[in-house]
Amino acid sequence: MIPASFDYFRPQSLEEAIGLLNQHGEEAKVLAGGHSLVPAMKLRLAQPKVVIDIGRISDLNYIREQDGKIAIGAMTTHHAIETSGLLREKCPLLTELAPQIGDVQVRNRGTIGGSLVHADPAADWPAAILALDAELDVVGPNGSRSIHVKKFFVDLFQTALQPNQILREIRVPATPRSVAYVKFAQRASGFAIAGVAVVVHAASQTVSVGVTGVAAKPYRANAVEKSLEGQPLTAESITHASKRAASRIDPLNDIHASAEYRAHLARVNTRRALQIAASRI
Amino acid sequence: MATSKNKGYFGKALKRVEDPRLIKGLATYVDDLKFPGMLHAAVLRSPHAHAKILGVKTESAKALPGVIGVYTAADVNPTCGLLPCASPMPDQKAPKHTVLAGDRVYYVGHPVAIVLATDRYIARDALDLIEADYEPLPVVVDPEKALDKDSPLTHPDLGTNVSFTWSVANGDLDGAFQQADRVIKQRMVHQRLIPMAIEPRGCVASYHPGEGTLTLWTSTQIPHLVRTLLPGMVGVPENKIRVVAPEVGGGFGSKLNLYVEEALCCHLSMRLRTPVKWIESRRENAAATIHGRDQVGEYEVAVKNDGAVLAIKSRTIADIGSYLQLLTPAIPTLTGLMLTGCYKIKAMRMDVIGVYTHKMSTDAYRGAGRPEATYVIERVMDLVAAELGLDPIKVRLKNFPKPTEFPFNTATGLTYDSGNYQGALKKAQQIAPWDDLVRWREKARQEGRLFGVGVSTYVEICALGPSKMMASGGWEWGCVRMEISGKVSVITGATPHGQGQETSFAQIIADKLGVPIEDIVVFRGDTSVAHYGRDTYGSRATALGGTALIMSAEKVIEKARRLAAHLLGAKTKDVLFRDGKFFAKGKPKKSVGWGLLAQEAYVAKNLPPNFEPGLEASSFFEPKNCTYPFGTHIVAAEIDRDTGEVQIIKYVAVDDCGHQVNPLLVEGQVQGGIAHSLGQALFERAVYDENGQLLTGEFMDYALARAKDIPDYVMDSTVTPSPSNPMGIKGCGEAGTIGATPAIANAVLDALAPLGIRHLDLPLTPEKIWRAINNSKPSKSK
Amino acid sequence: MNIQGTCSIPAPPARVFEALINPAVLQRVIPGCEKLEKTGADEYNAHLKIGIASVKGSYVGKVKLTDQQPPHKFTLHMEGKGAPGFVKGSSVIELKEEGSGTKLSYTASVQVGGLIAAVGSRVVEAAAKKLAGDFFQKFSQVIENPSAGA
């Protein structure tokens with residue numbers, strides 16, 4: 001459990017961090033809460049030559065209302081989200097999901113930005129962030145741009161973020177209370193084998209369904225959403241739609257869950273999440 | 001010994017004196033030790049399960065600044081002895097267990113080279129610079145396939161994968177099967193488990209070149225046995241070796257062993273004349289510290305229609321991995337000896353085949369052979385009940401010996417010391433209450449829910465044991481010393497390492513000597529302090545170590561009585577001892593206490609004639625029999641039909657470990673044991689792929705039970721004293737692990753019974769249950 | 001571990017086959033292939049740098065082609081070892097005409113050992129699929145536009 005040697009930088013500003021990242025390129029890794037990177041380094045799975053710790057950059061840790069949306073700084077911890085009164089009121093999906101991540105120690109250190117950028121296929125946040133149609137602001141040497149979450153997750157552990165860019169902010173809309181996150185956790189790690197986040201938009205008679213843990217990258221269950229578009233949410237319509245939660249998906253397969261079981265859990269948890277969210281309308 | 005007095009410490013639920021230092025981070029574990037000039041070792045391990053070593057190039061590693069040396073088999077094997085197995089079998093075939101792999105590796109994690117460097121980081125970096133070249137060879141991981149004629153051989157030079165065979169048989173087996181109304185058969189797999197003590201292994205070896213003495217600090221359960229066995233490996237005589245087990249962060253049997261790394265560190269410390277430290281990583285701990293269980297058996301019982309079990313027979317394959325560690329062959333023999341459980345089964349036979357595979361060795365893991373036996377017989381009792389349409393509790397009651405039948409001789413050749421199996425069962429039923437659980441089940445079933453109730457009535461073997469049963473002595477040693485200040489030093493050879501005997505032994509001796517418990521310090525875990533000992537395993541420390549201390553305390557009292565008589569001007573036979581004071585019969589007001597006696601004994605100016613100075617005594621306690629704790633566990637569980645997840649609704653444990661010195665310690669032991677069981681029953685398993693790669697090499701993939709997984713327990717006890725020791729103690733370290741697994745399994749399978757599911761092997765993971773539900777054809781009955 | 005997949009390539013089987021057994025093409029399309037040296041008939045030494053996210057490793061290994069049945073079938077063997085462990089795999093590649101192009105299907109058996117097996121089992125299969133996908137995607141690009149990439 002001893003990492004390979006590396007150079008350590010602790011920039012004071014985002015500009016300085018991006019400068020370092022630009023300078024060191026693929027040799028460098030950004031350290032946020034350290035709950036994915038540090039274990040990988042201790043196992044020597046990851047051996048970055050340079051670690052850029054952005055933990056001291058003060059303007060990355062916030063939750064605030066801004067232009068009708070809620071902006072969350074990338075370095076905001078899971079715990080800060082879990083206990084945010086603003087989010088509980090305006091975007092309860094996030095406060096419902098946060099306590100289901102890891103354990104208290106993990107939530108005290110781990111950050112939402114770190115988790116999203118790491119793009120672990122079994123991380124919890126992506127399900128909610130997808131279901132919320134979030135916007136992600138990334139900053140690089142050529143300035144900042146905004147990426148819609150649907151374009152953010154590219155593949156296994158791979159996002160649209162370039163090696164010299166840093167995620168700065170996640171923006172989510174205010175939602176009604178009709179949301180839910182239902183997760184089937186892997187026993188050993190606590191990661192999601194199938195985590196389903198749902199937002200029911202009663203006004204527009206639509207639903208958004210984000211699924212994590214099931215495939216190599218998190219996805220929106222489009223077939224489920226389409227099936228329920230304009231439909232009343234009844235036990236029958238939900239059950240019927242949920243059967244499509246893993247359609248056209250190549251599910252992951254490992255010692256903890258076969259592809260078949262994962263797909264099944266995606267369907268079960270989609271049904272359950274929709275039922276819970278619908279009951280909260 | 002009076003045990004239920006209101007006065008005194010015995011039987012009181014005192015908090016552990018060990019805990020403040022552990023909670024505050026003030027305890028000293030091996031990794032906390034630092035010595036001048038200490039070097040750090042790191043071990044290069046095989047990534048292959050079976051391969052020929054074509055070459056190990058160490059030049060680049062040696063060239064790394066800070067690296068002192070890199071050693072391979074050629075450097076150390078010729079001068080280090082082989083790792084011993086202390087429980088050999090008569091027909092055993094064993095490979096030479098060298099400290100480093102010679103020309104082949106036999107499991108993933110097999111040590112190939114060892115690096116010494118000035119710090120741990122450099123040592124670890126150097127491992128990546130060693131170029132080891134392997135030619136992969138055919139691998140066998142499945143113990144049943146290992147018996148096929150065309151199977152690859154684990155050790156080709158042995159010519160077979162069979163390490164040993166062992167049988168236990170008694171009674172008229174053929175007759176019993178002929179008389180049977182029915183024969184019930186079941187195959188059961190006991191999955192491989194990884195002990196995963198939270199503190200991995202580690203040691204510091206320090207050789208004193210002037211004295212020629214060797215000190216080994218090691219995270220072990222058995223410093224005395226290590227001291228006995230090390231001379232054969234490192235060539236230093238026993239009386240020049242000191243072994244210290246400092247604070248130990250969990251053992252569960254995995255540290256009831258001697259490991260090659262301990263011998264390697266000793267050897268290198270002697271060679272370089274400087275202290276050498278090695279600390280195991282979690283990944284190494286998963287791959288290269290012994291594993292547990294891993295038996296596959298076919299079990300057959302002969303029964304009468306009224307539920308009487310006439311006979312049980314089994315052919316069991318024990319997967320022992322690639323090498324015989326200290327007690328590897330003994331583990332399945334404990335399964336055989338306990339196979340008839342707490343039942344009057346007159347005929348039995350168990351044939352064990354120990355089979356080598358390209359995996360880590362199996363050895364003692366909490367319960368060590370007994371959980372397998374209990375799981376088998378308790379599953380069998382439920383199968384018998386199901387097959388005959390009888391109540392599982394009635395089937396058990398039908399086969400229990402009566403309390404008056406003890407000592408009870410089993411068909412396996414053991415003599416159960418004392419028991420009241422009906423009493424524990426009845427108490428557990430009342431607490432649950434069983435009838436309510438059954439009603440809940442019927443209601444749930446009517447609603448289409450999968451709800452089950454399970455029971456297990458277990459007996460186990462503890463306080464090992466009379467020396468005739470053991471490889472190297474089954475006694476225990478202890479010393480009580482009244483210091484000149486009147487404080488008491490209690491020294492035990494039993495090496496408690498977290499079980500709490502620093503507290504419970506102080507309770508016992510405080511009562512015995514009539515001194516405040518605060519005046520007592522219990523010393524353990526250092527062979528220079530506790531000169532003799534057979535250490536802690538098999539729930540033996542309190543029953544045996546505690547008794548050795550009582551014997552010593554009695555000797556101290558008798559000696560003090562003579563001195564008191566001298567000081568009181570009375571005859572020794574007229575001096576009485578009560579509440580820490582000596583006085584002449586009829587004159588309780590004129591007494592002498594320990595303070596004065598201790599001073600006089602050591603100042604030695606006013607002693608009776610022929611009185612040796614000092615107030616100290618030591619004793620060996622040799623038990624006449626083992627002890628046989630027992631109990632009943634009852635579980636109610638509900639299964640989520642959609643996901644296959646199991647939820648424990650109710651957990652009731654009634655354990656009988658004889659008299660309890662400290663009920664809080666008993667509760668803690670049973671709770672921890674049940675947690676281990678819960679893991680085994682529901683999610684824990686070591687997974688090797690078909691190439692012998694360990695896929696559960698970290699806590700990311702090895703599902704140890706966490707605090708949030710543990711249900712609320714309702715715990716209680718009955719007290720049936722053991723006649724095997726004067727305190728009537730039976731032991732409780734493994735009870736939870738032994739009793740709980742089958743209770744949970746029986747509850748889950750009871751929940752699945754309406755679907756016609758008869759048996760599933762552990763662990764009962766959600767996916768396994770989900771698949772069983774999908775494939776089930778609901779039965780008509782129930 | 002077994003993985004399989006298919007992809008469509010806009011060139012006839014004969015051309016696809018030729019390209020697939022061409023070391024110059026292989027070097028360009030094998031993920032992370034930094035060097036490919038011929039050591040015998042259809043046998044090469046390879047230097048690979050393979051990584052998924054921050055988990056990167058350098059592997060030294062061999063690439064070998066066997067059971068060639070032009071233009072429809074061959075077996076590609078690859079093995080490599082490095083600090084993160086070792087990887088060994090063989091893939092039967094079959095080519096069938098599909099209109100004017102080729103339908104390629106592969107069935108690979110992959111064995112991993114060492115660190116990546118011990119701590120990466122939950123994503124190893126997904127990673128193998130991704131690398132196989134990357135290989136054939138790149139190959140499609142190369143065959144469509146032989147001068148691109150590299």
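Every chain is numbered from 1, with letters handed out A, B, ... down the list of sequences.
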Quiz item: Where on C:Val124 is there a heavy atom nearer than 4.5 Å to chain B: the side chain, the backbone, both, or neither?
Solution: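 Answer is neither: C:Val124 stays 4.5 Å or more from chain B.
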Quiz prompt | Rounded distance (nearest 0.5 Å) linking atom CD1 of C:Ile116 with atom CD of B:Gln693 | solution = 9.0 Å
Within a radius of less than 6.0 Å around [atom1] of [X], do more than 12 heavy atoms belonging to other residues, nucleotides or ligands occur?
X: C:Lys38; atom1: NZ; answer: yes
X: B:Lys768; atom1: NZ; answer: yes
X: B:Tyr121; atom1: OH; answer: no
X: C:Glu97; atom1: CD; answer: no

Quiz item: Can you check side chain to side chain contact (heavy atoms under 4.5 Å, CB included) on B:Asp689 and C:Met1, steps first, answer last?
Solution: CA-CA 9 Å; B:Asp689 73 7; C:Met1 164 176 63; over 6 Å; no
Self-check item: Heavy-atom side-chain contact between C:Val119 and B:Met700 under 4.5 Å
Solution: no
Self-check item: Test item: C:Lys81 and B:Tyr134 side chains (from C-beta on) under 4.5 Å apart, heavy atoms
Solution: no
Quiz item: B:Leu694 versus chain C, heavy atoms under 4.5 Å apart: side chain, backbone, both or neither?
Solution: backbone
Self-check item: Engaged part of B:Glu131 at the chain C interface, taking heavy atoms whose separation is under 4.5 Å
Solution: neither
Practice problem: Specify the closest pair of heavy atoms between C:Ala117 and B:Leu695, including all atoms of both residues, with the distance to one decimal. | Solution: O-CD2, 3.6 Å
Quiz item: What residue in B:Glu690, B:Arg45, B:Arg283 has the most heavy-atom pairs under 4.5 Å with chain C?
Solution: B:Arg283
